[in-house]
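Nothing fancy with the numbering, it's 1 onward along the sequence.
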Amino acid sequence: MLPSRSAIPLSFLAAALAVPLLVSRHTLPLATFYGEWTAALLFALAVIVLGSVAPRQAGGLAGRAEPARFPWILLFPLWLIATGIAQGLVGMADVPGSRLITELTLALAAAVMWAAWRQGRAASAQERQALADTLATAWLVAGLLGTLAQWVQVFSLEPDTFGLVSTYFYDDNRRLWGNLNQPNHQATVEGLALAAAVWLAARGWLRAPAWLAAVLLLESGIVLSGSRTGVLHVGLAAAYALVAAWMARGQGAGAGVRQRGSNPMRRPAGLVFAAVAMVAMLLVLQPAIKSAGQAMGWRLFDTVAQLQGADQLSARGALWAHAWAMFRAHPWLGVGWGEFGWAQFLQMAQVGVRVEMSLHAHNAVLDLLAKTGIVGAAGALLSLLAWLGRVVYRRLWRGDAPERAQTVLVLTWLAMLGAHSMLEYPLHYLYFLLPFCFMLGWLEPSGFGHARLPRAAAVLAGLVFAGVSATVLATMWMDFRRAEAREYAHAGHRAALPMPQRWFRQAAESDAAEDAVITAANAAQLLGPHIAAVHLLPTPTLIARTAWLLALTGDPVQGRAWLERLRFYYAGDEARQFAEVARACAGVDAAARPREFCDWAEARSKAWPGSAPAHDAEDDAEDGPA
């Protein structure tokens with residue numbers, strides 16, 4: 001049995017991994033706020049607990065063989081923080097205000113890495129095994145409960161769950177998302193849970209019937225998500241099971257397993273069976289759930305048909321072309337953390353491909369290149385490659401059997417998050433980023449810095465971390481509640497509600513600008529807030545309104561250029577936006593009317609035979625089946 005000093009931090013860690021993935025409340029202006037805020041709170045508490053408990057654990061390396069104070073992998077977030085500071089020093093724009101929150105997020109990620117590394121070095125071999133079991137149990141619980149939420153959504157039973165399950169509101173091509181508001185994210189959690197189930201079975205915690213039931217439920221959730229990434233995760237989990245079987249040869253029940261009765265899942269043959277069973281079950285579940293959905297009117301998305309098509313890859317390719325164009329135009333420091341959407345909007349005609357409006361490249365490497373240039377991307381990627389080399393050499397090549405088993409498991413989880421990051425941006429969400437950073441820190445085998453801090457300085461650093469975390473989280477909560485109240489208030493009452501003080505103020509100001517009635521008299525006053533709103537999120541409505549403001553304030557050529565860019569968006573909604581501009585032209589006095597611009601807009605509006613249906617492009621198009 002583990003000592004109580006280990007049980008407390010492990011309990012915090014399990015909660016920090018699982019609870020944020022089960023938060024069901026999703027509201028605007030940031031649908032994932034409550035889950036991400038919960039992740040930040042719980043991981044900040046975990047950092048404090050792990051940092052205070054680790055020095056009292058005597059079984060590990062801390063204070064003995066390796067007196068280093070900081071893990072080398074800390075260079076990964078610190079380099080990106082330094083890149084953001086450099087962007088500010090050279091005067092790069094940050095109109096959406098994303099730079100500060102990004103820097104604070106990276107600082108929290110660095111603290112999580114440090115706490116994980118410190119815990120790993122201080123832990124005994126038994127405690128490291130227990131930590132791997134804790135991670136696996138947390139992922140498995142989150143995956144199973146998330147899948148149950150998907151089945152609740154299949155039958156539209158969300159109102160009967162007392163708010164524990166997120167409401168799913170699409171009627172056709174349904175891709176159930178559990179409590180994550182994004183089906184691809186739910187599929188990734190289920191993939192992480194599959195690998196966790198293999199580990200727990202190999203350790204003797206799950207017997208074959210329980211393992212089969214868990215995998216059946218998890219893979220049904222992957223099918224319900226309609227995610228191609230989920231299919232990839234099944235392959236990665238099966239590959240992990242085969243590697244675990246190979247590593248367990250000649251070791252009886254396998255490296256690091258609990259010696260507890262006869263359990264075929266603890267043997268190499270059992271792990272090979274697990275690999276085959278996971279693939280076979282997916283192949284059976286895909287057509288079975290599709291047939292059941294057609295018979296019972298579930299109106300599910302057809303993942304197999306999507307796999308056979310190339311539309312989504314084409315959409316991703318267009319985004320990647322835009323990211324590469326940004327990098328070529330800004331090779332050293334990129335366009336900045338919050339300026340991807342604005343940069344994409346400006347280069348529409350130059351890139352010349354139809355693309356979805358996005359704030360991210362949907363590829364981690366291209367996203368880093370576009371936002372931080374060669375300076376940020378090279379530093380981040382080189383630090384990760386150096387980390388991988390150290391892990392392979394120290395933990396896989398030179399480690400003992402239990403250490404190799406743990407390392408392969410954690411590398412599998414990191415590979416799943418990495419694979420997802422090549423098609424989307426899961427690491428922009430704290431409930432994925434912070435576990436990712438924890439695992440990086442936990443596997444880091446070496447560090448730097450040998451100066452021993454006085455105890456008073458260490459206590460002061462902990463108090464500063466706790467104080468800053470509490471201040472940021474408290475003020476962010478209050479500001480989001482203000483922004484949320486304004487978002488859902490009646491238009492006539494919105495102006496009377498308080499604005500956010502610091503966080504989410506740009507989103508509230510964007511809504512206020514979009515609510516304003518444009519006249520020739522106030523056009524100059526509204527132009528700046530509208531351009532700032534387009535920096536934040538370039539929706540078709542905001543683009544058209546800003547184009548009209550440009551025309552009213554004496555720049556019709558630029559206004560026309562803005563409207564022309566709508567045709568390069570998949571959901572540009574040209575017909576409706578040109579009709580709105582033509583209507584605005586008709587409602588302004590002849591003296592203030594930009595005649596040539598209005599004549600052109602009216603002609604373009606009449607070019608469409610009928611009015612197009614209204615679209616709302618405020619989603620960052622991330623619901624595509626990655």
[X] and [Y]: aromatic ring centres closer than 6.0 Å?
X: Trp177; Y: Tyr168; answer: yes
X: His360; Y: Phe340; answer: no
X: Phe155; Y: Trp298; answer: yes

TODO: Determine, for Trp397 and Arg404, whether the Lys NZ or Arg CZ falls below 6.0 Å from the six-membered ring centre while staying within 45 degrees of the axis.
DONE: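 Output no; distance or angle outside limits.
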Atom of [X], atom of [Y] and distance for their closest heavy-atom approach:
X: Met113; Y: Ile73; value: SD-O, 3.7 Å
X: Ala138; Y: Ala18; value: O-CB, 3.8 Å
X: Leu417; Y: Pro426; value: O-CG, 4.1 Å
X: Ser166; Y: His26; value: OG-CD2, 3.3 Å
X: Ala419; Y: Leu236; value: CB-CD1, 4.4 Å
X: Met265; Y: Ala274; value: CE-CB, 4.0 Å

Kindly say whether [Y] contributes a backbone atom to a donor-acceptor pair with the side chain of [X] at under 3.5 angstrom?
X: Thr161; Y: Glu158; answer: yes
X: Asn179; Y: Leu21; answer: no
X: Gln344; Y: His322; answer: no
X: Arg249; Y: Met247; answer: no
X: Arg174; Y: Gln153; answer: yes
X: Arg266; Y: Ala202; answer: no
X: Arg128; Y: Gly120; answer: yes
X: Gln186; Y: Leu176; answer: no

Supply the atom-to-atom distance [X] [atom1] to [Y] [atom2], rounded to the nearest 0.5 angstrom.
X: Arg394; Y: Thr407; atom1: CZ; atom2: OG1; result: 11.5 Å
X: Leu282; Y: Leu216; atom1: CG; atom2: CG; result: 11.0 Å
X: Ser220; Y: Leu218; atom1: OG; atom2: CG; result: 7.5 Å
X: Leu206; Y: Leu200; atom1: CG; atom2: CG; result: 5.0 Å
X: Leu411; Y: Met439; atom1: CG; atom2: CE; result: 9.5 Å
X: Glu424; Y: Leu319; atom1: CD; atom2: CG; result: 10.5 Å

Task: Parallel, tilted or perpendicular, as decided by the 30° and 60° cut-offs, for the rings of Trp211 and Phe273 - done: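 Geometry flag for Trp211 against Phe273: tilted rings.
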Between [X] and [Y], is any pair of side-chain heavy atoms under 4.5 Å apart?
X: Asp367; Y: Tyr425; value: no
X: Trp337; Y: Thr372; value: yes
X: Leu366; Y: Met326; value: no
X: Trp139; Y: Trp413; value: yes
X: Leu131; Y: Phe438; value: yes
X: Leu384; Y: Leu440; value: yes
X: Trp387; Y: Phe76; value: no
X: Ser227; Y: His185; value: no

Open item on the list: Apply side chain to side chain contact (heavy atoms under 4.5 Å, CB included) to residues Leu217 and Leu148 and explain how you reach the verdict.
Closed with: CA-CA 8 Å; Leu217 183 60; Leu148 290 176; 4.1 Å; yes
- [ ] Please determine which of Asp133, Thr137, Thr412 meets the side chain to side chain donor-acceptor pair (under 3.5 Å) test together with Trp199.
- [x]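 Among Asp133, Thr137, Thr412, the one that satisfies the side chain to side chain donor-acceptor pair (under 3.5 Å) with Trp199 is Asp133.
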Task: Electrostatic pair Arg118:Glu444 at N-O distance under 4.0 angstrom - done: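 A salt bridge is absent here (no side-chain N lies under 4.0 Å from a carboxylate O).
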Among side-chain atoms of [X] and [Y], is any donor-acceptor pair under 3.5 angstrom?
X: His420; Y: Thr188; answer: yes
X: Arg175; Y: Asn184; answer: yes
X: Ser383; Y: Trp72; answer: no
X: Thr147; Y: Glu190; answer: yes
X: Gln119; Y: Glu127; answer: no
X: Gln129; Y: Gln406; answer: yes

Task: Crowding at CZ, Phe169 (>12 non-hydrogen neighbours, <6.0 Å) - done: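 Buried by this count: over 12 neighbours within 6.0 Å.
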Task: More than 12 heavy atoms of other groups within 6.0 Å of Arg398 CZ - done: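 No, not enclosed.
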- [ ] Walk me through it: do Phe12 and Leu42 pass the test side chain to side chain contact (heavy atoms under 4.5 Å, CB included)?
- [x] CA-CA 7 Å; Phe12 268 93; Leu42 293 177; 5.7 Å; no
Task: Partner of Leu300 under side-chain contact (heavy atoms from CB on, under 4.5 Å), chosen from Val223, Asp172, Leu224, Asn173 - done: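 So, applying the side-chain contact (heavy atoms from CB on, under 4.5 Å) to Leu300 and each of Val223, Asp172, Leu224, Asn173, only Leu224 qualifies.
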TODO: Would you sort out whether Leu368 and Leu80 count as a side chain to side chain contact (heavy atoms under 4.5 Å, CB included), showing the intermediate values?
DONE: CA-CA 10 Å; Leu368 277 175; Leu80 291 176; 4.0 Å; yes
Task: Verdict with reasoning, Trp324 to Phe327, per ring pair (Phe, Tyr, Trp, His ring centres under 6.0 Å) - done: CA-CA 5 Å; Trp324 185 250; Phe327 168 63; 5.2 Å; yes
Task: Criterion side chain to side chain contact (heavy atoms under 4.5 Å, CB included) on Trp37 and Val23, from CA distance to verdict - done: CA-CA 10 Å; Trp37 188 91; Val23 174; over 6 Å; no
